[in-house]
Amino acid sequence: MGAGRWRRAGSALLRVAAVWAVSTLTMLALAGALPDFQLQSDDGDTVTKTAFTAAWGAGAFGLLSALVWPVLVRALLVVPALVLGALVFFLNGSLLLVALWMIPDGRGTANPETAVAVAAVMSAVASATSTALAVRDDDAYRRRLSRLADRRRKRLPGDEEDDRSGPPGTVFIQLDGVGHDVLTKAASGGLMPTVAGWLADPEGHRLTPWRTDWSSQTGASQLALLHGSNHDVPAFRWYEKETGTVMVSSRPASALELQRRAVARTHDAGLLSLDGASRGNLFSGGADQLALVLSMAGRFGKGRRSRAGYFAYFSDPANAVRTALSFVAEVGREIGQSTRSRLRKETPRIKRGGLYPFIRAFATVVERDVVVSAVIGDMFAGRTAVYADLVAYDEVAHHSGPYSRDADKVLARLDRSLALITKITDHTPRAYRIVLLSDHGQSSGETFAGRYGLTLKDLVRAGCGLPVPRRAQRTLSASEARDAVRIALHRPVQEREAEPAASTASDPVVLASGNLGLISFPGIEGRASREELDRRHPALLRTLANHPGIGFLLVRSEEHGSVVLGPGGAEVPVAGLRDDEGPLAGFGPGAADAVRRTDTFPHVADVMVNSMYDPATGRVHAFEEQIGSHGGLGGPQSHPFLLWPRGMTDPLDVLAAEATGSGTPGRPTPVTPPHTGPVGAEAVHRVLRRWLREPLGPQVPLRPEGFAGAPYADLPLPGAREETARPTAGAAGPETDGGTRG
């Protein structure tokens, strides 16, 4: 063994001894402060004997934490994350009771409740001491975090332990739901000093907005960002007539099917196919390293379990305790903020009770901590490409509003996570470039139901002459809809005071994705035409188009092709749509192209409904219970951002090169107006792909058979064959269908 190894071994032993000593002192202090925690016999002991007992107990607890805790966490990966968080304190306290039982002569005793508290304090102190000592030794610090974040990293033969002179890696951090305007305001206002520093540095980062597709939500955007295509994703949730299923982007089975369809369409395993890691995303991107990836939640092969990322983080009991405490604090913070909002009678406002405080705490604490830890581990492991999604802001902004104080505080905490990741780059074995981006923004406004007293589904049923709930019957909108039915049918419609009966096959399926609504009629084969709908439900389309909370409709006409309907009888064929006039006036540049593209999707709904939008205030009306929403057209929701290091090619230059013939063949590049960013998530994918290839320099094209146009078209794609070969039907997993995610 060389002198360097002896030196490292000696340093490690000294750190262990120091942590043991601090843990012993902590245990002695707790025994003196807590009446139910005892380290002496009933007759009393000498100071030396008591110190020996504390040292024995601290050593046993440390050994059990190192050996038994990782096994317990791995065994509990099948437990839902929220349950695992609740078990953290109990498990840690149980280990302390076992450690006290191991003390000779039975001198260590504690009540179960006291053991939980003592174990939490000791784990936190031991972790803080170990980290503080390791930070002084850069090599030890790097090795510790690397082992903690990813214990299963397998290096290829010939890999160098440290090679910062080679090609840099790239970390893509997605701030879910943070619009371009929100980011610029937060940076200039001091909420996000890390981002502000990047923008102020002449050699730092550059910022540009980009424009989403009509479906401005995580399912459509991230599928295209990671897999190059979001074709036939008309919304966050939609109905497929041929199978009678509702596709929901946040369901594991649906996410897996969407990923399969994208891979089949592009013949491309994904952006992260070459030594990549996917963290906290809906889709894998073709990565081999996965943590909290929804599309993989139903797959249980080795290295493929979505919850495996929990093991890497919670294998350190101090992490588990810290996150559990933060979780409880976040639940309390949400209860306090929602109570304050009610007392101040802030508007718009929605209900924030039930399970929401726990869902918010999971998104803003547990998922953030696990994802950031996994990213740090990927960087220490030297992976080429990492893509991680931090969903905290989006979750809070849905319920509190995108410009609320609650959302601002989340942005500040996210900035601290970015600062940590930035600092880590000084210790990683290779240089890293950090790219920050978002998948969409959010638009604010009172909900459709809050403003008009009935849901979109109620309005559709009233327009069809079907019974609606009592709460909606007395609203002006429902009354007008019933009057329209009477006029259209030339006869009175029976008033019903009962709740609507169970849905039948002829009833419309009404789904909401933010301020985008989708109406499908299962009883009509294929895409229903306007003429067929007018025959069956003469008042429906007129009722919807003239409602003040609705901006425009998209429906297919047998005579004119697809048309857009607006207030006052406006009707414009899709082929002749313009952004500056007609029903789409005011929705911004690119709205007409976005509608035209969605109209070509096989699973576009029979009637697509976009809420009203007020350009003066930025107000929309979500068809879900969200005061900050996204999913359709109108306002900041369609304008996310892209923030990249200055040494990387400008996104517009990348797309211009494609337009002149040097890009990927067979994929048209959207026309980009001057002074704006890329148009559509598929265009952003091509930019990200180009950025990953740039450090590799000029390459000889070697396209694998069946993967033409892959993101690494000049390199083999390990794992791509596996991704396309695995069956996807019937995947099962936990659902998170509480609203439009991201």
Side-chain angles (χ1 to χ4, degrees), residues 167-175 179-180 183-184 187 195 198-213 221-222 224-230 266 268 270-272 274 285 384-387 431-440 588-590 593-594 597 638-701 703 708-715:
T170 307
V171 177
F172 300 103
I173 303 294
Q174 177 181 307
L175 299 184
H180 177 267
L183 185 81
T184 54
V195 174
W198 288 350
L199 293 173
D201 185 353
E203 298 181 358
H205 286 60
R206 298 176 62 189
L207 174 68
T208 186
W210 64 276
R211 194 161 68 236
T212 66
D213 305 286
S221 292
Q222 196 180 85
L225 292 172
L226 290 177
H227 288 281
S229 172
N230 58 9
T266 63
D268 177 348
L271 182 74
L272 308 174
L274 183 63
T384 301
V386 183
Y387 194 107
Y432 273 97
R433 307 172 301 172
I434 299 177
V435 175
L436 203 62
L437 74 160
S438 59
D439 49 345
H440 54 78
D593 288 337
R597 179 174 183 265
S638 300
H639 302 287
F641 71 89
L642 190 58
L643 184 71
W644 73 97
R646 290 182 179 272
M648 302 164 78
T649 304
D650 186 282
L652 296 186
D653 292 339
V654 173
L655 299 177
E658 286 190 352
T660 57
S662 58
T664 303
R667 299 185 191 175
T669 300
V671 176
T672 306
H675 310 300
T676 65
V679 177
E682 292 183 0
V684 178
H685 167 84
R686 297 198 291 277
V687 173
L688 304 185
R689 179 188 65 198
R690 168 66 179 271
W691 285 346
L692 287 180
R693 293 175 58 183
E694 284 180 344
L696 303 177
Q699 303 290 319
V700 177
R703 296 188 179 184
Y712 301 96
D714 46 6
L715 294 172

Non-hydrogen side-chain atoms of Thr170 and Trp691 separated by less than 4.5 Å: no
Any side-chain donor near an acceptor of the partner, Ser638 and Arg211, under 3.5 Å: no
Verdict with reasoning, Leu225 to Leu271, per side-chain contact (heavy atoms from CB on, under 4.5 Å): CA-CA 8 Å; Leu225 292 172; Leu271 182 74; over 6 Å; no
Closest heavy-atom pair and its distance - Ser221, Thr212: OG-CG2, 4.3 Å
Test item: His685 and Asp268 side chains (from C-beta on) under 4.5 Å apart, heavy atoms: yes
Those residues that, when tested against Asp650, pass side-chain hydrogen bond (donor to acceptor under 3.5 Å, both in side chains) (two or more places apart): Arg206
Ser438 versus Gln174, closest heavy-atom pair with distance: CA-CG, 4.3 Å
side-chain contact (heavy atoms from CB on, under 4.5 Å) between Arg597 and Asn230, worked out: CA-CA 11 Å; Arg597 179 174 183 265; Asn230 58 9; 2.7 Å; yes
Which atom pairs, one a donor and one an acceptor, fall under 3.5 Å between side chains of residues 640-649 and the rest of the protein, sequence neighbours left out?
residue : atom : partner : partner atom : Å
Arg646  : NE   : Pro202  : O            : 3.1
Thr649  : OG1  : Glu694  : OE2          : 2.2

Side chain His205, main chain Ile434, donor-acceptor under 3.5 Å: yes
Heavy-atom pair of closest approach, residues Pro678 and Leu652: N-CD2, 4.2 Å
Short side-chain to backbone donor-acceptor contact, Arg686 and Glu658, under 3.5 Å: no
Aromatic ring pairing Tyr387/Phe172, orientation class (parallel under 30°, perpendicular over 60°, tilted between): tilted
